[in-house]
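The next block holds one structure in the form of structure tokens; read it before the comments.
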Amino acid sequence: MNSKHSTKAIKIHSIEETDETLTDRAGLLLFVKYLSGIGIYPIIERYFGSIRKNKKGIPIRNMFKQLFCYFLDSTSLHLARFGEIKKDRGFR
């Protein structure tokens, strides 16, 4: 049987310390996947979707995704930082 179609779940047996690190904002991807998993984006679109009057610009979902990642990263709390991170691939 192909492992891709296996019904046996992988179980975590232990959690241990490691010297490996996530770099270049790699931890943000896990955070974004978590937000998608808990279903927060449909709720945000329900409450804030009406502020977008036309199809120009980024969707509300993406705007909040960027805001959440910005708050989690917390490298800088200045609004001018948005201009700097616009070029950062980790925030795209």
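Sorted by first and then second residue, the side chain to side chain donor-acceptor pair (under 3.5 Å) pairs with a member in residues 32-42 form an empty list; sequence neighbours excluded.
For the atom pair Cys69 SG and Leu35 CG, the distance stands at 7.0 Å (nearest 0.5 Å).
Taking each heavy atom of Met63 and Ile51 in turn, the nearest pair found is CE-CD1, 4.3 Å.
Ring geometry for Phe64 against Phe48 counts as tilted: the plane angle lies between 30° and 60°, on a 0 to 90° scale.
Residues Val32 and Lys65 are in side-chain contact: their nearest non-hydrogen atoms beyond the backbone lie under 4.5 Å apart.
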Problem set entry | Worked verdict on Ile44 versus Phe68 for side chain to side chain contact (heavy atoms under 4.5 Å, CB included) | CA-CA 12 Å; Ile44 288 171; Phe68 291 147; 3.5 Å; yes
